[in-house]
Amino acid sequence: MKENKQPYVILSAAMTIDGKIASKIGDPNISDEEDWKSVHKLRTEVDAIMVGKCSVILDNPKLHIKFYDHEGYYRIVLDSTLSIPVESNVVRYKPEIYPTIIATTENAPMERIREFESNHIEIIKSGTGSRVDIIKLMPILYKKGIRRILLEGGGNLNWSFIRDNIVDEIRIFIAPWIVGGKDAVSLVEGEGFAKMIESPRYSLTQVTSRNNNVILNYKKTKQ
Ligand SMILES: NC(=O)c1ccc[n+]([C@@H]2O[C@H](COP(=O)([O-])OP(=O)(O)OC[C@H]3O[C@@H](n4cnc5c(N)ncnc54)[C@H](OP(=O)(O)O)[C@@H]3O)[C@@H](O)[C@H]2O)c1
């Protein structure tokens, strides 16, 4: 466990050969049934699943567990302006098993905070900038007992975690397709690093080939 008391972060995603995690119109169907089972198994091993607001708005995921018995975990959504619909599955679907936290900023509208709180959503304010300050957020989550987070994207949220070098492990499912499209979301979006040397380094720990797909596991290289 990290000495500075922040949760261990595992980034998990399914992508095409060309690194897209959805098509240009937002079709996210990349994994096969067998891989969903593996991802749901991974979900049983964490205290929280985290996603960005656009993934909630576009895909309306339940972020639940099928295939296995489990006591549940937190769902965490990063939403600086509290703009996800209150009708979203992360709000409405089985909150007694998967309580939802929305991490936002100090600038979030008070009426939206009240609306979500009255729907049993916990709001955590982190930072005064235009986006949720994840460096401040992580120790707050740790204090709540969250030790392991499965980061399930999308590309913009992945970038913030990679930029701040707080991804400990990566699990990537690669489907043997190429979908292309400059507007199709990639595994990591955002500004990007100028030089290769600036990017965090990972060591390959496992390669699995299954049904013509590949699953790659990496761990952060010790500096
Ligand atoms: N294949 C896969 O494994 C997979 C997994 C997940 C998602 N997806 C796909 O990814 C797509 C969505 O990805 P996306 O990149 O557009 O959006 P995203 O990463 O899901 O959400 C990004 C949004 O989160 C909010 N946010 C708040 N604080 C943030 C922070 N510190 N850093 C980054 N974002 C922050 C921002 O909106 P505000 O500033 O308004 O708060 C930002 O625009 C969807 O098409 C979905 O299907 C695929």
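Along the sequence shown, residues are numbered consecutively beginning with 1.
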Side chain proximity check, Met110 to Ile113, heavy atoms < 4.5 angstrom:
yes
Counterpart residues, salt bridge (Lys or Arg N to Asp or Glu O under 4.0 Å), relative to Lys41 (two or more places apart)
Glu45
Tell me if the CD atom of Glu191 is crowded by more than 12 foreign heavy atoms within 6.0 Å.
no
Are Ile166 and Gln6 close enough that some pair of their side-chain heavy atoms sits under 4.5 Å apart?
yes
Salt bridge (Lys or Arg N to Asp or Glu O under 4.0 Å) with Arg112: which residues, sequence neighbours excluded?
Glu115
Would you sort out whether Ser80 and Thr104 count as a side-chain hydrogen bond (donor to acceptor under 3.5 Å, both in side chains), showing the intermediate values?
CA-CA 4 Å; Ser80 320; Thr104 190; 5.8 Å; no
Side-chain touch Glu34/Asn213, heavy atoms, less than 4.5 angstrom:
no
Using the benzene-type ring in the case of Trp, are the ring centres of Tyr93 and His64 under 6.0 Å apart?
yes
For Trp177, what residues pass the ring pair (Phe, Tyr, Trp, His ring centres under 6.0 Å) criterion, not counting sequence neighbours?
none
Taking side-chain contact (heavy atoms from CB on, under 4.5 Å) as the test, write out the residues that go with Ile178, two or more places apart.
Ile17, Asp18
Ring pair (Phe, Tyr, Trp, His ring centres under 6.0 Å) involving Tyr98 - partner list, sequence neighbours excluded:
Tyr73
Atom pairs and distances, side-chain donor-acceptor, residues 151-159, under 3.5 Å, sequence neighbours left out:
from   : atom 1 : to     : atom 2 : distance (Å)
Glu152 : OE1    : Arg43  : NH2    : 2.9
Glu152 : OE2    : Arg43  : NE     : 3.0
Glu152 : OE2    : Arg43  : NH2    : 3.4
Asn158 : ND2    : Gly154 : O      : 3.4
Asn158 : ND2    : Leu187 : O      : 2.8

Going by salt bridge (Lys or Arg N to Asp or Glu O under 4.0 Å), name the residues that satisfy it together with Asp35, two or more places apart in sequence or in a different chain.
Arg171, Arg210
Atom CG of Leu204 with >12 non-hydrogen neighbours under 6.0 angstrom
yes
Should Asn217 and Ile170 count as side-chain neighbours, where that means a heavy-atom distance under 4.5 Å?
no
Applying side-chain contact (heavy atoms from CB on, under 4.5 Å), can you list everything that pairs with Glu87, at least two apart in sequence or on another chain?
Pro85, Arg92
Less than 4.5 Å apart, any side-chain heavy atom of Pro7 and any of Met138?
yes
Can you list everything that forms a side-chain contact (heavy atoms from CB on, under 4.5 Å) with Lys222? Sequence neighbours excluded, please.
none
Give every donor-acceptor pair under 3.5 Å between a side-chain atom in residues 121-130 and any protein atom, sequence neighbours left out.
from   : atom 1 : to     : atom 2 : distance (Å)
Glu122 : OE1    : Lys144 : NZ     : 3.0
Glu122 : OE2    : Lys144 : NZ     : 3.2
Ser126 : OG     : Asp133 : O      : 2.6
Ser126 : OG     : Leu137 : N      : 3.4

Restricting to side-chain contact (heavy atoms from CB on, under 4.5 Å), what partner residues turn up for Val90, sequence neighbours left out?
Val56, Leu63, Arg75, Val77, Ile84, Ser88, Thr100
Within a radius of less than 6.0 Å around CD of Glu71, do more than 12 heavy atoms belonging to other residues, nucleotides or ligands occur?
no
According to side-chain hydrogen bond (donor to acceptor under 3.5 Å, both in side chains), who are the partners of Thr81, at least two apart in sequence or on a separate chain?
Ser83
From CA spacing to verdict: side-chain hydrogen bond (donor to acceptor under 3.5 Å, both in side chains), Glu169, Tyr218
CA-CA 6 Å; Glu169 239 180 90; Tyr218 295 90; over 6 Å; no
Quick one: does Val46's side chain get under 4.5 Å of Ile149's, heavy atoms only?
no
Do the non-hydrogen side-chain atoms of Tyr142 and Arg147 ever get within less than 4.5 Å of each other?
yes
